[in-house]
Structure formats: structure tokens, C-alpha cells
2 protein chains.
Amino acid sequence: MHFEEVVKQIKERRETLQVTQETLAQLSGVGLRTLKQFESGKGNPTLQTLQKIADVLGLEVSLKLKNPPVKR
Amino acid sequence: MHFEEVVKQIKERRETLQVTQETLAQLSGVGLRTLKQFESGKGNPTLQTLQKIADVLGLEVSLKLKNPPVKR
DNA sequence: ACTTAAAGTGCATCATAATACACTTTTATT
DNA sequence: AATAAAAGTGTATTATGATGCACTTTAAGT
């Protein structure tokens, strides 16, 4: 996932859950400004910040293999 | 994945590929000090830094649903 | 045990993430 | 179109991530 995709997924998830940025900020403990900046594509969150946000949305950061070998 | 798990997975992947921190630093464009700090559990990398490192190791950052519903 | 490469640490600097506050813009809703 | 709520932006401050350099510690190999 590229950066923009991460942003997009978070934003979509938040909207699916019908949570406002303000509520998400409160629930995650991340500053509202930080969240706004992140969702609007600016900023470059730290792993901890991303995890805090993801957690509240029921998501988790993970590392997956790129180009997993095709099954035969 | 918790923070420590992310660190562990990166470190293990690097070792599997038999790449030194120095080489990984060069290939990823991340400073050696930054990489050392990250792998030794200190530090809190930005998403960009994590992505740079993961990329070179053939990994990618992704967001997955927690507690996916059990299949019935 | 010696040697050497790799990994880890202390310290200092620069860049920037995190944050708050105030304000503007956008998007719904009536 | 008026209103209200949510989202986005400018500016400033504080905290800390990214980095290099020099040094120490650890691990591997002979």
C-alpha cells in the first residue's frame, strides 16, 4: 500500500463507521489537527499515531509480502 | 500488529535476506542511525520511513481488519 | 583467545510531526 | 438560499524523528 492508499482506507473506514474526525481524535487520543492533516493527505504520521487511529477503527497495521508467489 | 511485532518482522525479514543494516540503509535511503534505532526497539518511525524500509525487503505496509468475523 | 564485521549507543543538529487556536471552506439538510 | 456541522487551512510552539560521527558492545569465524 502506498501512502495515499493508507490514507484513503482510513478515511473510508471512518466514514463507514460514521465517525467524525473530532470523535475519532478523541477516541484515539490523537490531536484533531494531526488527524485532519493526515486525512487530507498532508503530513507523514508516525507509526504510533497511525496505530492509534487504526485501532479505534478496528484496523491494524501489518506488513505483508509483496508479490506473493502465485499458487500452482 | 503491535509496534514490537512490526520491528520484529522487519528485522527477521532482513536477516532472512542476509542483508546488513548498513546495506539496507543504503538501499532504502534511510539513515543507518534511524534504522538501528528502529530495529533496536527505540524510535517511532514515520510511515514514510517504514515504507522505505519495508519496500526494499519486499514487504508492504497494509491495514487489515481486526477480529475478522469467523467463517461459518 | 583474536580478529573482524555487524549491531547498538551517546551526543548534537536539523527537519518536521504533533498539537492548539482561530478562521475559512465545503457539504448536507431544511 | 440559509443554517449548521464537518472538514480543511494558516500560523506558532513544543516534542521528537532523522541523521551523522565517533565510540562500545556483541556475535561470528578462524
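Here is the naming used below: chain letters follow the sequence lines, and residue numbers restart at 1 for every chain. Values below: all heavy atoms of this structure, side chains included; hydrogens, waters and symmetry mates excluded. Note that the structure is predicted; figures quoted are calculated from it, not measured.
Checking side-chain atoms of A/N44 against main-chain N and O of B/T46 turns up no donor-acceptor pair under 3.5 Å. Side chain of B/Q26 to backbone of B/T23: no donor-acceptor contact under 3.5 angstrom is found.
Evaluation of the side chain to side chain contact (heavy atoms under 4.5 Å, CB included) rule for B/S62 yields A/M1, A/S62, A/K64 as partners, not counting sequence neighbours. Residues that satisfy the side-chain hydrogen bond (donor to acceptor under 3.5 Å, both in side chains) test with B/S28, not counting sequence neighbours, are absent from this structure. Residues satisfying the side-chain hydrogen bond (donor to acceptor under 3.5 Å, both in side chains) criterion with A/S40, sequence neighbours excluded, are absent altogether. Annotation: side chain to side chain contact (heavy atoms under 4.5 Å, CB included) contacts of B/K8 (sequence neighbours excluded): B/E12. By the side chain to side chain contact (heavy atoms under 4.5 Å, CB included) test, A/Q51 pairs with A/L47, A/V61, B/F3, B/V6, sequence neighbours left out.
The stretch residues 3-21 of chain A comes close to DNA chain D through A/K11, A/R14, A/T20, A/Q21, each having a heavy atom under 4.0 Å from the strand. Contacts between residues 46-59 of chain A and DNA chain D, defined by a heavy-atom separation under 4.0 Å, are made by A/T46. Less than 4.0 Å separates DNA chain D from at least one heavy atom of each of the following residues of residues 27-45 of chain A: A/R33, A/K36, A/S40, A/K42.
An angle of 70°, rounded to 10°, separates the two end axes of the helix from C/dA1-D/dT30 to C/dT30-D/dA1, each defined over five pairs.
More than 12 heavy atoms of other residues, nucleotides or ligands shown are found within 6.0 angstrom of CD on B/E15. By the neighbour-count criterion of 12 heavy atoms within 6.0 Å, atom CD of A/E22 is sparsely surrounded, having that number or fewer from other residues, nucleotides or ligands.
Residue pairs meeting the salt bridge (charged side-chain N to carboxylate O under 4.0 Å, His left out) criterion with at least one member in residues 36-58 of chain A, sequence neighbours excluded: A/R14-A/E39, A/D55-B/K66.
When side chains are defined from C-beta on, A/F38 does not count as touching A/T49, because their heavy atoms never get closer than 4.5 Å.
Note: B/K11 NZ to B/L57 CG = 13.0 Å, rounded to the nearest 0.5 Å. Distance OG1/A/T34 to CD/A/Q21: 11.5 Å, rounded to 0.5 Å. Rounding to the nearest 0.5 angstrom, the gap separating the CD1 atom in B/I53 from the CG atom in B/L35 is 5.0 Å.
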Between N or O atoms, less than 3.5 Å apart, protein on one side and nucleotides 26-30 of chain C on the other: list the pairs.
none

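When every heavy atom of B/L24 is checked against every heavy atom of B/V19, the shortest pair comes out as N-CG1, 3.7 Å. For B/A25 against B/G31, the heavy-atom pair with the smallest separation is CB-C, 4.3 Å.
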Query raised in the report: Nucleotide by nucleotide, 5' to 3', does protein get under 4.0 Å of the base (B), only the sugar-phosphate (S), or neither (-) in nucleotides 25-30 of chain D, counting heavy atoms?
Result: ------

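Residues A/L17 and A/L32 do not share a hydrophobic cluster, clusters being chains of Ile/Leu/Val/Met/Phe/Trp/Tyr side chains in contact below 4.5 Å.
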